[in-house]
2 protein chains.
Amino acid sequence: MDRERLVDETLMLLPTLMRLVERPSPVEMGEIARRGLATDVQVSPGHIQVLIALTRGPRSVGQLAEEVGVSPPAATQLVDKLAEHGMVDRHSDPADRRVVLVDYVAGMREVASRIVEDRRRPLHDAMSKMTDVEALAFVKGLRLLARSFGAEAGEEV
Amino acid sequence: MDRERLVDETLMLLPTLMRLVERPSPVEMGEIARRGLATDVQVSPGHIQVLIALTRGPRSVGQLAEEVGVSPPAATQLVDKLAEHGMVDRHSDPADRRVVLVDYVAGMREVASRIVEDRRRPLHDAMSKMTDVEALAFVKGLRLLARSFGAEAGEEV
DNA sequence: CAGGTTATATAAGCAGCTTAACTTTGTGGG
DNA sequence: CCCACAAAGTTAAGCTGCTTATATAACCTG
């Protein structure tokens, strides 16, 4: 099989895809607005990643940075913005007061889930056109790529 | 099967992957340096996309913008930088002098191919761990996602 | 309790994109 | 024939999301 062509097609598709994903969609703003929050919110992929990570429980800023794959200052920034809009809260870990634990503001878990849902939709649509085997292979591919590029970038494991 | 989990994992993986892909890798610079060109070159995913697109023949700036999935000014910028480093050339289309045709500078086709090769490597490594079926499913998934997100972003077809 | 390390935050700066406005070239009806 | 409009590209201005370097506070160890 001609893998070279697949590789090149991936090199063409991946950046284009990410530009589309990054393109601000006004949908979430409406969703937030309906809750009486600020209407000019831009929800970036990074914010979505944080919201998803938090569904699995509170996280320190450092853990978020690692899970999302950004530097600690970038994680601080992501949390700043989400906190600014009342989505999440910071409180320092009683066990280690250097650590800042981030969690949903009470009642915002559901709002977050709706915001994430909006992001999920196009992805869901795309996946509905794949078989189970294809969907699994796709995600497996993403995992392999992330690992491979991570190694290239000198990621310590 | 639990598609929701796959969707969420994709939402977590995709942005992380793109950050890794965007991370400047010093490899290409070395490659370029060996040819006597400037050593401080940063080759972004967008530049790689242009270089790949040009392997299929000369392209107008507008065509490049469309293939790469960016606005015309962004395409101009990409071409600017590649031209600055002597990789590509502009000449106006004799048939329509508004059109600017972009093509490799003589002899740079091979250099470009080496630069792209460096980008290909981690991708190639990752794909070598997939079966043929998986690799095809992966690329098919990327295509579906690009289409789906493109539709969401109001892409005219 | 001094000195080093760790977790987060602040500051400064850069790359890549966007929209808006401008220039040049092509086109089609009066 | 020419004038108004459309199209291709560029220039300008501005924003976002990241990075590294630096600062601050808390923890830990001899």
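Source: prediction; values computed, not measured. Reminder, nothing fancy here: chain letters follow the sequence lines and each chain counts from 1.
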Round to a whole Å and report the spacing from [atom1] of [X] to [atom2] of [N].
| X | N | atom1 | atom2 | result |
| --- | --- | --- | --- | --- |
| A/Met18 | D/dC18 | CE | C1' | 12 Å |
| B/Glu84 | C/dG16 | CD | C1' | 15 Å |
| A/Glu66 | C/dT6 | CD | P | 14 Å |
| B/Glu22 | D/dG17 | CD | P | 12 Å |
| A/Gln77 | C/dG13 | CD | P | 16 Å |
| B/Lys81 | D/dT10 | NZ | C1' | 18 Å |
| B/Arg19 | C/dG16 | CZ | P | 16 Å |
| A/His47 | D/dG17 | NE2 | C1' | 9 Å |

Taking the side chain of [X] as its heavy atoms from C-beta onward, which of [options] lies nearest to it?
| X | options | value |
| --- | --- | --- |
| A/Pro73 | D/dA8, D/dA26, D/dT20 | D/dT20 |
| B/Ala74 | C/dC17, C/dT25, D/dT10 | C/dC17 |
| A/Asp96 | C/dT25, D/dC27, C/dT8 | D/dC27 |
| A/Val61 | C/dC17, D/dT19, C/dT8 | C/dT8 |

Is any side-chain nitrogen or oxygen of [X] closer than 4.0 Å to OP1 or OP2 of [N]?
| X | N | answer |
| --- | --- | --- |
| B/Ser71 | C/dT18 | yes |
| A/Arg23 | C/dC17 | no |
| B/Ser44 | C/dA15 | no |

Residues B/Ser44 and B/Glu22: side-chain donor-acceptor under 3.5 angstrom: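 Judged by distance alone, the side chains do not pair up.
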
Are any of the side-chain nitrogens in A/Lys140 or B/Glu9 under 4.0 Å away from the carboxylate oxygens of its partner?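 Answer for the salt bridge query: no.
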
More than 12 heavy atoms of other groups within 6.0 Å of A/Arg147 CZ: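 Result for CZ/A/Arg147: open.
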
Closest heavy-atom contact between B/Pro58 and B/Asp103?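 Minimum heavy-atom contact is CG-OD2, 3.5 Å.
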
Between the base of C/dT6 and the side chain of A/Arg98, is there any donor-acceptor pair under 3.5 Å?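 Side chain to base: pair present.
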
Toward the 5' end of DNA chain D, by each residue's nearest nucleotide, A/Gly46 or B/Val100: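 Its nearest nucleotide lies further toward 5', so the answer is B/Val100.
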
Closest-nucleotide 5' rank along DNA chain D - winner of B/Thr76 and A/Arg97: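 The residue closer to the strand's 5' end, by nearest nucleotide, is B/Thr76.
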
The test is side chain to side chain contact (heavy atoms under 4.5 Å, CB included); show your working for A/Thr16 and B/Gln49 and say whether it passes. CA-CA 9 Å; A/Thr16 300; B/Gln49 287 179 295; 2.9 Å; yes

